[in-house]
Amino acid sequence: MRLIWVAALLAGPVAGPVAAQEVPQFVEETAAAGLAHQFSGEWEYMVGGGVAAFDCNADALPDLALAGGTAPAALMVNQSTAGALGFAPVDSGIEMEGVTGAYPIDIDSDGITDLVLLRVGENVVMRGLGDCRFERANEAWGFDGGDAWSTAFAAMWEEGAAWPTLAIGNYINQREEAYPWGSCTANWLHRPEGTGFGAPVELKPSHCALSMLFTDWNGSGKKALRVSNDREYYEGGQEQMWHLEPGQPPRLYTPDEGWKRLRIWGMGIASTDLDADGYPEFYLTSMADNKLQRLVTPGPDALPDYTDIAWARGVTAHRPFMGEDLRPSTGWHAQFADVNNDARADLFVAKGNVWEMPDFAMADPNNLLLQGADGVFVESADKAGVASTQASRGGAVVDLNGDGALDLVVVNRNGPVQVWRNTGPVGNWLAVDLRQPGPNPTGIGAWVEVRTGDHLQRHEITSGGGHVSGIWGPQHFGLGAATEAEVRVIWPDGRVSDWQRVAANAVATVTP
């Protein structure tokens, strides 16, 4: 493995160790940052409302592509400094209506990030031209965008493929007589064919997907597709996981293989390896029934048998934690991220009533759950200053100004996008940027391991999950008081690099 240092700390040394009880302070800078945008719409936009965070102009700061619903989507170029966030809208080519979500990915492996725009109507892949400009590529790449209400996305590179496999999740089929109940449009799998995509394969049965994620759930080196479904609008459905073998049609995991039926109002998926045992845990957002799933018997030949540890870990987040509205919560976007850089993953959950549903909370604050040394999470959104009660949907926990502290952007339905700057205190950090020649240049499907002393962190590089929102860029790790760390990468083809020692408070580009 070769290690190339590409960015140093921008704002001087970061504070030392962070106590488990120490909560970073966030300052909302929406107005001052010039982030004036809104995701709007009624029935067909009660779900969706995503953001893609990625660097479109090579200045090492993530820019933001924002879904607009009935309003045009927008690209906001990042002009932030260490002491203040700032954004400016640009004419990029993505300004179209009907966009529910956006995911960044380098589809053609040319080193320039592309975008997949999920829409009510035809989905569109936008080829990156550089300098934050994009052009429609559906025809050039043979991508059939269909005509549906699309609300979920995931991507991976199958073994030996030059182009990625894209999964698109669809919601209610408005054209069927069963509308609105029991009328879910089939999901689609877009596999590569030549220098583009073949005809989409329908993933049936489909049960109104709101989140998807390709993941090596059992450490076998093979990816499966997890799908989280909204039980409000299906009959007889459940959460799903699909086998994907090269050259074979996809097939569902079955009860005979250990898959247990789970029915929730599935909204979003977040994953990370919380206990660094080599197997990811999965957080599933829902309405009053959020789950944190751990594999019962880990191993490459394991059955997909999961147990729920949300209560034991303090992440049920099933009711508003403040205010007088005690009705059940509605969770959407979820993301594991170390917001205080103490070397333990924290959890952000965006909350918001679907559409004045009387049985669920209207004043439903977002969650920021900080993980303690004992592995139990503690609600801290109010103390941190991010407990918005807008009708939140998508979001991103990402370092917007390059100071090593993760900031927060949230898309709200029929309300302004909000952004908060993390002012600390935070510990030391490391960002790991994977680069490899040829297809899949950023190593989607790889595992990054970071070791400080006897403490190990592991994270799978994925494209998808959350709720219609994706991040494309270096992987952030908190280091606490450590001033250096060791890094190892398990590449998608199974190669395992040697451990390499790196300094804290910088971005390291790792190549095979």
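Proximity of Val419 to Val417: side-chain heavy atoms (C-beta onward) are nowhere separated by under 4.5 Å. Between Asn366 and Lys351, some side-chain heavy-atom pair lies under the 4.5 Å cut-off. For the pair His243 and Glu257, the minimum side-chain heavy-atom distance is below 4.5 Å. Between Trp242 and Leu189, every side-chain heavy-atom pair lies at or beyond the 4.5 Å cut-off. Using a 4.5 Å heavy-atom threshold, the side chains of Asp114 and Asp106 count as touching. Contact of the Gln174 side chain with the Glu44 side chain is registered, since non-hydrogen atoms from C-beta on lie closer than 4.5 Å. You'll find the side chain of Thr316 stays beyond 4.5 Å of the side chain of Asn290, heavy atoms only. The shortest side-chain heavy-atom distance between Asp144 and Trp188 does not fall under the 4.5 Å cut-off.
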(message) side-chain contact (heavy atoms from CB on, under 4.5 Å), that's the test. Do Val354 and Trp265 meet it? Break it down for me.
(response) CA-CA 11 Å; Val354 176; Trp265 289 273; over 6 Å; no
(request) Report the C-alpha separation of Ser183 and Ile172 in whole Å, then their side-chain angles, then the decisive distance to 0.1 Å, and conclude whether the side-chain contact (heavy atoms from CB on, under 4.5 Å) test is met. (result) CA-CA 6 Å; Ser183 53; Ile172 298 167; 3.6 Å; yes
(request) Begin from the C-alpha positions of Ser150 and Asn170 and carry the test side-chain hydrogen bond (donor to acceptor under 3.5 Å, both in side chains) through to its verdict. (result) CA-CA 4 Å; Ser150 296; Asn170 295 314; 2.6 Å; yes
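In terms of modelled atom types and a separation under 3.5 Å, the side chain of Ser92 and the main chain of Cys132 share no donor-acceptor contact. Between the side chain of Asn229 and the main chain of Gly266, no donor-acceptor pair closer than 3.5 Å is present. Side chain of Asn138 to main chain of Val125: a donor-acceptor pair is present (N/O by atom type, distance under 3.5 Å, no hydrogens or angles). Here the side chain of Ser469 pairs no donor or acceptor atom with the backbone of Gly50 at under 3.5 angstrom. Proximity of a side-chain donor or acceptor of Thr113 to a complementary backbone N or O of Cys56 within less than 3.5 Å is not detected. Trp472 places no side-chain N or O within donor-acceptor distance of the main-chain N or O of Ser463, the cut-off being under 3.5 Å. His467 places no side-chain N or O within donor-acceptor distance of the main-chain N or O of Trp332, the cut-off being under 3.5 Å.
Applying the side chain to side chain donor-acceptor pair (under 3.5 Å) test to every pair with at least one member in residues 60-74, sequence neighbours left out, gives these pairs: Ser40-Thr70. Judged as a side chain to side chain donor-acceptor pair (under 3.5 Å), the pairs with a partner in residues 293-310 (not counting sequence neighbours) are, in order, Arg226-Gln293, Lys260-Asp305.
Evaluation of the side-chain contact (heavy atoms from CB on, under 4.5 Å) rule for Thr151 yields Val47, Trp149, Tyr171, Leu210 as partners, not counting sequence neighbours. Taking the side-chain contact (heavy atoms from CB on, under 4.5 Å) definition, one finds that Thr272 meets it with Leu274, Phe336, Ala345, His459, sequence neighbours left out. For Trp141, the ring-ring contact (aromatic ring centres under 6.0 Å, His included) partners are Trp163, not counting sequence neighbours. Among residues two or more places apart in sequence or in another chain, the ring-ring contact (aromatic ring centres under 6.0 Å, His included) test is passed with His207 by Tyr234.
A salt bridge links Glu42 to Arg413: at least one charged side-chain nitrogen sits closer than 4.0 Å to a carboxylate oxygen. Salt-bridge formation is not detected for the pair Arg231/Asp289: no Lys NZ or Arg NE/NH1/NH2 atom is positioned less than 4.0 Å from an Asp or Glu carboxylate oxygen.
When each of Thr165, Ile168, Val116, Val201 is tested with His190 by the rule side-chain contact (heavy atoms from CB on, under 4.5 Å), just one qualifies, namely Ile168. With Glu460 as the partner, the side-chain contact (heavy atoms from CB on, under 4.5 Å) test is satisfied by one option alone out of Trp447, Tyr279, Trp217: Trp447. No option in Asp346, Leu369, Leu408, Leu347 other than Asp346 meets the side-chain contact (heavy atoms from CB on, under 4.5 Å) test with Val339.
A donor atom on one side chain and an acceptor atom on the other are found under 3.5 Å apart for Asn218 and Ser220.
Aromatic ring orientation, Phe54 versus Phe134: perpendicular (interplanar angle above 60°, classes split at 30° and 60°).
With a 6.0 Å radius and a threshold of 12 heavy atoms from other residues, nucleotides or ligands, Glu159 has its CD atom at or below the threshold.
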